[in-house]
Amino acid sequence: MAVTVVTGAVKTKRGATLGYLLPALLLIALFFIVPVLMLLMRSVLEPEVGLQNYKALLGSTTYLRVFLNTFLVAGVVTLVSIVVGYPVAWLLAIMPQKWSRIVLAIIILSMWTNLLARTYAWMVLLQRTGVINKTLMGLGLIDTPLALVNNLVGVTIGMTYIMLPFVILPLMGVIRTIDPAILRAAALCGAGKMQCFLRVLLPLSLPGIAAGALMVFVMSLGYFVTPALLGGTSNMMLAELVAQFVQSLVNWGMGGAAALVLLVVTLALYAVQLRYFNPARGT
Amino acid sequence: MTQPFLSINGIRKNYGNVTAVKNVSMDIAQGEFMTFLGPSGSGKSTTLYILAGFQDPSGGDILLNGQSLLSTPSHKRNIGMVFQRYTLFPHLTVGENVAFPLRIRRRPQAEIAERVKAALKLVRLEGFEDRMPALMSGGQQQRVALARALVYNPPVLLMDEPLSALDKKLREEIQFEIRRIHQETGVTILYVTHDQEEALRLSDRIAVFSQGEIDQIGTGPELYSNPATRFVAGFIGDSNFLDATVVTSNAGKAKLALGDGAVVEGVPLHGPSAASSRASLMLRPERLSLSRVSVPSGIAVTVRDITFLGNNVEVSTATPAGVDLAVRLPFGHEAISSLARGEQAWLTFDTASAHAFA
């Protein structure tokens, strides 16, 4: 949407608008495009000219497993976030505004809390002697503590918690635009609750689901702190790999190559979203 | 006695301390066009929503062919409805919208195609199957909504101010279509509106709602010529109201004193009829005649304004007490030739055509 507005403005007052945009464009060029290009250069220049870094990255099963794990975690987190976030977004959209404001404030406050603090909190909650395991054992539901941390389960729980607002907010926005009278019409047409949801509510909230899913998936692909703290060594993610290349191995070539693969995947997904779910073009 | 097709029995609806619907009862015959007419907040829409199953009444019952509808959820009532706002499914084409109720009912594909075609033909939108609703005008969208509500042959069709979002010309066009569709299909229609003209144009009978209750049910001419309450008299057609005092009353006819000495006899009186109680005398503008010479029982007035309305001329007058009385006379009437503002005149009327409300 914002893009359309800007192009419209450029067409009417091209020169003047470009002038206003110049500082911002310079900032983006200097701090975003140039570093990415430099990283790209290093990935094909170090240690020698050629694509050997990409060959090594995509040819080794170890690294491929990191890629697969990254997509697996990002995919699972996206799915769980949508499944958990949809009912919350729906409730927020239909509850009276004085209540939804409070719930929204709580959700947004959690976003503002320090990420590291929140992740450590999950470590405490999820560990073998943590509150969750102790409660479950106290209730007699389990005999031995569940392995909730240092594995995929821990990463999924921790990241879903962090990503939920990014699903809830766009979904709530879309669901709020759906006229409740449409659902009443569906009911009188004979649709029960489940059919109303599957045939009307869900298709109409698809743009919100797509926007939320893309946001969460892309953010999850490059996530570092939570997987590093809550995940095990056996399921390393791409961001951790990049950190390892750069920090421990001082291998900027491999690090750059890994980062660029991530960037390309992200851009490809964004293109898909724009093509199929762009509200400005109509779905 | 045969049981009524649709029977609304003592429906009440309270929201906390507020009573939206007090005690609504009526019987509706199969194939009848019944309109709920009233201002906003009079309980007409709430009654319709209770029929649709969107709201549960606080008391009373609704019987369709003798069976209570209340325990049946909306989606199983098999009732059709057209809403005030556009409620087509925006992600489906016109054809898919109309097919929706049939798909839900798992009808065979061939039957769906055939009935969708027939329904679109009924609303004169043949060939619009593949159009998206967002690309249609408001009037077209409401016609598709009508097709969607009729495609599964519901016994009752509810319409909640379906034309209020349309402009006047389009509204009249679709009113005509609704009448035609009612005649062609024979479906029983319950129609909610606050527009008396629309109600008169469409309905077999009209139920006038006021403050959660039905003031009167009847055909348009009945309501116009014999209103049961002051509210009905004021809501249906144009009317003048004049304060009066009951002198005597006998068998529903009253002798009234009009303040400035004028006394009229034989006026139908509605409501309690104690002598010397206050009453409101209703006079239709077209039932008043104007005389420029003093008439014994006439109401003395001053002419305020004269408005030419085509086939009619409206003369605005005021009594010495300052009550405005409008008189409508046919164009060319001798009493108004060279009539001027500020002139004295006397108004008379046939007492049987007036109504007094105590």
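Only a predicted model underlies this, so the values are computations on that prediction, with no experimental measurement involved. Numbers restart at 1 for each chain; the letters A, B, ... are given by sequence-line order, proteins then strands.
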**Request:** Answer with side chain, backbone, both or neither: which region of Leu102(B) has an atom nearer than 4.5 Å to a non-hydrogen atom of chain A?
**Result:** neither

**Message:** Taking the side chain as everything from C-beta on, heavy atoms only, tell me whether Ser74(B) gets closer than 4.5 Å to Arg184(A).
**Reply:** no

**Message:** Can you confirm whether Glu184(B) is buried at CD, in the sense that more than 12 heavy atoms of other residues, nucleotides or ligands lie under 6.0 Å from that atom?
**Reply:** yes

**Asked** Heavy atoms, side chains only, cut-off 4.5 Å: are Phe54(B) and Leu188(A) in contact?
**Response** yes

**Message:** Can you tell me which portion of Arg85(B) sits under 4.5 Å from chain A's heavy atoms? Options are side chain, backbone, both or neither.
**Reply:** side chain

**Prompt:** Under 4.5 Å between any side-chain heavy atoms of Pro90(B) and Ile182(A), yes or no?
**Reply:** yes

**Prompt:** Do you know which of Pro73(B), Pro101(B), Ala52(B), Ala134(B) has the most heavy-atom pairs under 4.5 Å to chain A?
**Reply:** Pro101(B)

**Asked** Hey, is CD on Glu111(B) packed in by over 12 heavy atoms from elsewhere, all under 6.0 Å?
**Response** yes

**Complete:** Per-residue tally against chain B (heavy atom, under 4.5 Å) across Gly190(A), Ala186(A), Cys196(A), Ala187(A) peaks at Gly190(A)

**Heavy-atom donor-acceptor pair, His91(B) side chain to Arg199(A) backbone, under 3.5 Å** = yes

**Prompt:** How long is the gap from CD1 on Ile79(B) to SG on Cys189(A), to the nearest 0.5 Å?
**Reply:** 12.5 Å

